[in-house]
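Just below is one structure, and these are the notes that go with it.
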Amino acid sequence: MRSTATPGSSSQLAGEDEAMSFQASPSIQATPQPRPPSAMDRNPPSGSLSAAPSVPSGSPSPPLLSIATLAQLRVGCKVWVSKDHEYRLAELLSIHTKKGEPVFYVHYQDFNKRLDEWVTAPRLDLSRPVEWPRPEKPKKPPTSAASKNSVSSRDTPLARDRKNKRSRAPAKIAKAAQLARARGKENIDAGLIKDDAEVFLDRLTPTTTNNATPLTSTPSEDVDAKDTDLMDLDDTQVDTADGQQPENYSREEEIEKLRTSGSMTQNAHEVARVRNFTRIQFGQHEIEPWYFSPYPIELTDEDCLFICEFCMSYFGSIKQFQRHRVKCQLQHPPGNEIYRDESVSFFEIDGRRQRTWCRNLCLLSKLFLDHKTLYYDVDPFLFYCMTRRDELGHHLIGYFSKEKESAEQYNVACILTLPQYQRLGYGKLLIEFSYELSKKECKLGSPEKPLSDLGLLSYRAYWSDTIIELLADKEHDVKETTIEEIATTTSMTTQDVLHTLQTLNMLKYYRGQHIICLTNGVLEHLDKLRKRRRRKLDPQKLQWKPPVFTPAQLRFAW
């Protein structure tokens, strides 16, 4: 039996089914209702644009509507698309031709991004007006006040230092030419000296592009001389190996790029908005992906992507996949099994030792994580995979990755439960296991921020359940506790504990001090929690010691 996992439709706007009607008082005169739109208003003639009546100044301008043909559609239009036996307004994000037929990638208005999909032409309702994107407004030229500020901002210690360097440049060039003549090199090409001078001057001149703002453009970006000794990114100009200029980033983006040390990709292309696969086959499950993943582009034309659930290899043809399954001997993740109970097992995989497997795992997880950008540099990470066992082997349920050495004391870098196993309690098991590892390390841990929407919900639920159970047990033993004691017992950071207590409204101000109070709502939640059957881990079955790495093992290498 093959099961299909699709993203849920629970992403409709809250309050859609909670419409309320109010009846006006007899003493209040009701405002006249606008007339219903006529047929001409709803369906304007083809080729003509219609707009709503004029609106007061300051409010958004009305959209441009007209009837369009299939050939006239372009990216940015909003059309009506058939979805779940009804028509919904959707924006066209991409248009392609697949097997000779046009296909459209659409985003449904007021719906979650994970519901975006490729649709064919018959699903479009072109009998209704199409909403056209408005042209971008031209950028306003800088005002005189701004130009005055830019001129005055050039008079900074950094700008004066650069000016002095430029004034000393011709003297250095002349001195170089004089030394060359003294060494008997009268036939030296003057163009070479000129080229060297231009290179020297270019190194002194900050490189600015349309995407990057000069350092001295506005007074708010003035930099002290002592700050420029640490990092002056505007003076940095690095050529790539093939001699081409790299992509240009703003100052903040470049600092973030250097901070991540190459483990994150700066993807500013619009292609990341478009999901490149419609279906994937993973084990016995056929899954509909949610987001874009950078698999090889030649596989994106296939109807289905086939992924081996044991070795994570991917194929575009069912024949290739079947031949691989006959030869593949792997039956579990390629690492050490550090935990096993009656239902699940955990494996620890070193990204440095199993690069190909971990990279393929990251490509798979990118299909379901919108903000994940790590998929190539896996050396600095450890991967902990949760599996369930049967006669065929260990089947992957989910995983989380963890930095070998985290300066911010993060115990999770990325976490994912595969869609076919979601809403079964496995997500909390992954979170619980990450904190069990932190307890073994005698450290306080927290997930890397920012979390995805589903990840944030899972962590908030785990933090709430853990703290409520802990406080309920402590109530019978001791009457007082502190946030630091809760953090030490659970291995959570004090910030996460404080945030959870504030969310549950358990912090009260009483007689000049803050106290932790178990409210009636919290006690009701505790009763429901104890009646519910939950999956739990047994810390006694964890066979693991914190690994110790040398500086050479922490360094990225090919």
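Bear in mind the structure is a predicted one, so any value in this text is a computation, not a measurement.
In this structure, Val548 and Pro546 have side chains that are not in contact, with every pair of non-hydrogen atoms separated by 4.5 Å or more. Residues Asp303 and Thr278 are not in side-chain contact: their nearest non-hydrogen atoms beyond the backbone lie 4.5 Å or more apart. Counting heavy atoms from C-beta outward, Met492 and Tyr459 have side chains that stay 4.5 Å or more apart. Residues Tyr339 and Glu436 have side chains not in contact (no heavy-atom distance under 4.5 Å, counting atoms from C-beta outward). Annotation: side chain of Glu403 is not in contact with side chain of Pro380 (no heavy-atom distance under 4.5 Å). When side chains are defined from C-beta on, Asp453 counts as touching Asn112, because their heavy atoms get closer than 4.5 Å. Side-chain contact between Phe282 and His395 is absent, with no heavy atoms from C-beta onward closer than 4.5 Å. Proximity of Leu437 to Leu542: side-chain heavy atoms (C-beta onward) are separated by under 4.5 Å at one or more points.
Within a 6.0 Å radius of CZ in Arg534, other residues, nucleotides and ligands contribute more than 12 heavy atoms.
How far NE2 of His394 is from CG of Leu396: 12.0 Å, rounded to the nearest 0.5 Å. Atom CD1 of residue Ile516 and atom CD1 of residue Ile483 lie 5.5 Å apart, to the nearest 0.5 angstrom. We find the CG-CD distance between Leu65 and Glu131 to be 6.0 Å, quoted to the nearest 0.5 Å. To the nearest 0.5 Å, atoms CD (Glu288) and CZ (Arg279) are separated by 10.0 Å. The CZ atom of Phe104 sits 14.0 Å away from atom CD of Glu91, with the distance rounded to the nearest 0.5 Å. From Glu448, atom CD reaches atom CG of Asn411 across 10.5 Å, with rounding to the nearest 0.5 Å.
No salt bridge links Lys402 with Glu348; every basic N to acidic carboxylate O contact stays at or beyond 4.0 Å. Of the charged side-chain nitrogens involved, at least one lies within less than 4.0 Å of a carboxylate oxygen, so that Asp350 and Lys404 count as a salt-bridged pair.
Phe306 and His324 have their aromatic ring centers separated by at least 6.0 angstrom.
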For side-chain contact (heavy atoms from CB on, under 4.5 Å), just list the numbers for Lys536 and Glu432, CA-CA rounded to whole Å, side-chain angles, deciding distance to a tenth of an Å, and then say yes or no.
-> CA-CA 8 Å; Lys536 298 288 290 185; Glu432 182 180 355; 4.2 Å; yes
Intermediate values then yes/no, salt bridge (Lys or Arg N to Asp or Glu O under 4.0 Å), Arg355 and Asp379 | CA-CA 7 Å; Arg355 286 185 187 140; Asp379 285 27; 2.9 Å; yes
Start with the C-alpha gap between Val119 and Val81, add the side-chain angles, then the distance that decides, and say whether side-chain contact (heavy atoms from CB on, under 4.5 Å) holds.
-> CA-CA 8 Å; Val119 297; Val81 183; 4.1 Å; yes
Decide yes or no on side-chain contact (heavy atoms from CB on, under 4.5 Å) for Gln409 and Leu444, but give the supporting numbers first.
-> CA-CA 7 Å; Gln409 299 300 319; Leu444 303 182; over 6 Å; no
Determine, stepwise, if the pair Ile318 / Phe321 fulfils side-chain contact (heavy atoms from CB on, under 4.5 Å).
-> CA-CA 5 Å; Ile318 181 64; Phe321 177 68; 4.3 Å; yes
Salt bridge (Lys or Arg N to Asp or Glu O under 4.0 Å) between Glu342 and Lys541, worked out | CA-CA 11 Å; Glu342 293 76 13; Lys541 296 181 179 180; 3.2 Å; yes
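Contact between Cys308 and Cys328 at its shortest, heavy atoms only, is SG-SG, 4.1 Å. Contact record, Pro547 with Leu382: CG-CD1, 3.9 Å, taken as the closest heavy-atom pair. Taking all atoms of both residues into account, the shortest heavy-atom contact from Ile486 to Val497 is CG2-CG1, 3.9 Å. Summarising the geometry of Leu418 relative to Phe368, their closest heavy-atom pair is CD2-CE1, 4.5 Å, with the distance given to 0.1 Å. Smallest separation of non-hydrogen atoms from Arg275 and Arg114: NH1-O, 3.8 Å. Shown here for Leu363 and Ser293, the closest heavy-atom pair between the two residues is O-OG, 2.6 Å.
Counting only residues at least two apart or in different chains, side chain to side chain donor-acceptor pair (under 3.5 Å) contacts with residues 489-502 comprise Ser446-Asp496, Thr493-Asp496. Within the structure, every pair that satisfies the side chain to side chain donor-acceptor pair (under 3.5 Å) test and touches residues 517-528, not counting sequence neighbours, is listed here: Asp465-His525.
For the residue pair Arg388/Tyr421, the side-chain donor-acceptor check at 3.5 Å is satisfied.
Side-chain atoms of Lys428 do not come within 3.5 Å of backbone N or O of Ser458 as any donor-acceptor pair. Judged purely by atom type and a 3.5 angstrom limit, Lys78 has no side-chain atom pairing as donor or acceptor with the backbone of Gly76. Looking only at distances, a side-chain donor or acceptor of Gln281 sits under 3.5 Å from a matching main-chain atom of Gly283. Between the side chain of Ser464 and the backbone N or O of Ala461 there is no donor-acceptor pair closer than 3.5 Å. Thr417 contributes no side-chain N or O that, together with a main-chain N or O of Gly398, makes up a donor-acceptor pair within less than 3.5 Å. Checking side-chain atoms of Asn336 against main-chain N and O of Ile338 turns up no donor-acceptor pair under 3.5 Å. Panel note: side chain Trp463, backbone Leu501; no donor-acceptor pair is recorded below 3.5 Å.
Among the candidates Trp544, Phe433, Phe383, the single residue satisfying the ring pair (Phe, Tyr, Trp, His ring centres under 6.0 Å) test with Phe346 is Phe433.
For Trp118, the ring-ring contact (aromatic ring centres under 6.0 Å, His included) partners two or more places apart in sequence, or in a different chain, are His96, Tyr105. Scanning for side chain to side chain donor-acceptor pair (under 3.5 Å) contacts around Glu117 gives Tyr108, Arg123, with sequence neighbours left out. Tyr384 is linked by a ring-ring contact (aromatic ring centres under 6.0 Å, His included) to Phe400, counting only residues two or more places apart in sequence or in another chain. Shown here are the ring-ring contact (aromatic ring centres under 6.0 Å, His included) partners of Tyr314, two or more places apart in sequence or in another chain: Tyr295.
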